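Small disclaimer: the values here were computed from a predicted structure and weren't measured.
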Amino acid sequence: MLRIISLNLNGIRSAWSKNVLPWLAAQQADIVCLQELKAQATDLTPEMRAPDGMQAFYHCAEKKGYSGVGIWSRQLPERVVEGFDGGEFDAEGRYLRADFGNLSVISLYLPSGSSSPERQEAKFRFLAAFFPQMQALRAEGREIVLCGDWNIAHQEIDLKNWRSNQKNSGFLPEERAWLSRVFDELGWVDVYRRLYPEATGDAYTWWSNRGQAWAKNVGWRIDYQIATPGLAATAVAASVYKAQRFSDHAPLTIDYGFPLDPK
């Protein structure tokens, strides 16, 4: 069994203070993908660099207190790759890949466009640049899973108030259509949806800090594990953990019947 957890931390130091490490350690995950570190390499403590005895790799943003992704793994990867385009988004620390035998695991953090029209334009630039990357990954012929905060709710069942959010970043028609192309044209699989095609409230992974969104479960499903068909077909269970809060996002755990090649 292969257990992979994805979690947007909304700041690794903040999540650490909310006891994210003891929870993650208890899950016995093989691989953990983290997003939104909001930290530089010099900010990482020795415990963050070797959490629970795991290997830890990080791709921090150049801008302080911003973005950044990480991957923890029990097995040492054969290769780790930071970034995908050598451009503006690599400088923001949004893509980290680790290879294990015939499996590649990618921690991914798509831009949010909600703060300003300029950031929405940046998000559209990311989508334009990343679609060819998704094509290239599929062409590799490996089993691959991209875990992270995609900042897009794909379908109406993926957020509570879909009607009132149709003109808001994260549920724009252009964003949703892009994700549909990833699934329909390129053949990637939304693993959680494959297992639970009709789940609504249980599937949400993010809640606004406004109002009583968390208390009322007025959420969005924007964190995904998106995999090649072969790997996705081995998924046996998925869950979103909500008993504790480490962030404004909740951890997404998926178990795959896919053994990692032993070193």
If you measure only the distance, is there a donor-acceptor pair under 3.5 Å linking the side chains of [X] and [Y]?
X    : Y    : value
T228 : E143 : yes
Q133 : Y95  : yes
E175 : Q120 : yes

How long is the span from the [atom1] atom in [X] to the [atom2] atom in [Y], to the nearest 0.5 Å?
X    : Y    : atom1 : atom2 : value
W162 : Q155 : CH2   : CD    : 12.0 Å
W72  : I31  : CH2   : CD1   : 13.5 Å
L103 : I4   : CG    : CD1   : 6.0 Å
E36  : Y109 : CD    : OH    : 3.5 Å
Y224 : D149 : OH    : CG    : 10.0 Å

Mind checking whether [X] and [Y] have parallel, tilted or perpendicular rings, split at 30° and 60°?
X    : Y    : result
W207 : W214 : perpendicular
W178 : W150 : tilted
F130 : F84  : perpendicular

Are any non-hydrogen side-chain atoms of [X] and [Y] less than 4.5 angstrom apart?
X    : Y    : answer
L108 : L110 : yes
F171 : E156 : yes
R193 : R221 : yes

Ignoring hydrogens and angles, tell me if any N or O in the side chain of Q166 forms a donor-acceptor pair with the backbone of R163 under 3.5 Å. yes
Do L7 and L252 belong together in a cluster built from hydrophobic side chains that touch within less than 4.5 Å? no
Same cluster for V240 and I222 if Ile/Leu/Val/Met/Phe/Trp/Tyr side chains link at under 4.5 Å? no
Counting only heavy atoms not in D202 (residues, nucleotides, ligands), do more than 12 fall under 6.0 Å from its CG? no
Atom CD of residue position E62 - does it have more than 12 heavy atoms of other residues, nucleotides or ligands inside 6.0 Å? no
Nearest heavy-atom approach of P51 to R49 is CD-C, 3.6 Å
Please name the pair of heavy atoms, one in G201 and one in N217, separated by the smallest distance, quoted to 0.1 Å. O-ND2, 3.3 Å
Less than 4.0 angstrom from a charged side-chain N to a carboxylate O is my criterion; do [X] and [Y] meet it?
X    : Y    : value
D30  : R3   : no
R97  : E140 : yes
R119 : E92  : yes

Option among I226, L137, V145, L96 that satisfies the side-chain contact (heavy atoms from CB on, under 4.5 Å) test with I106: L137
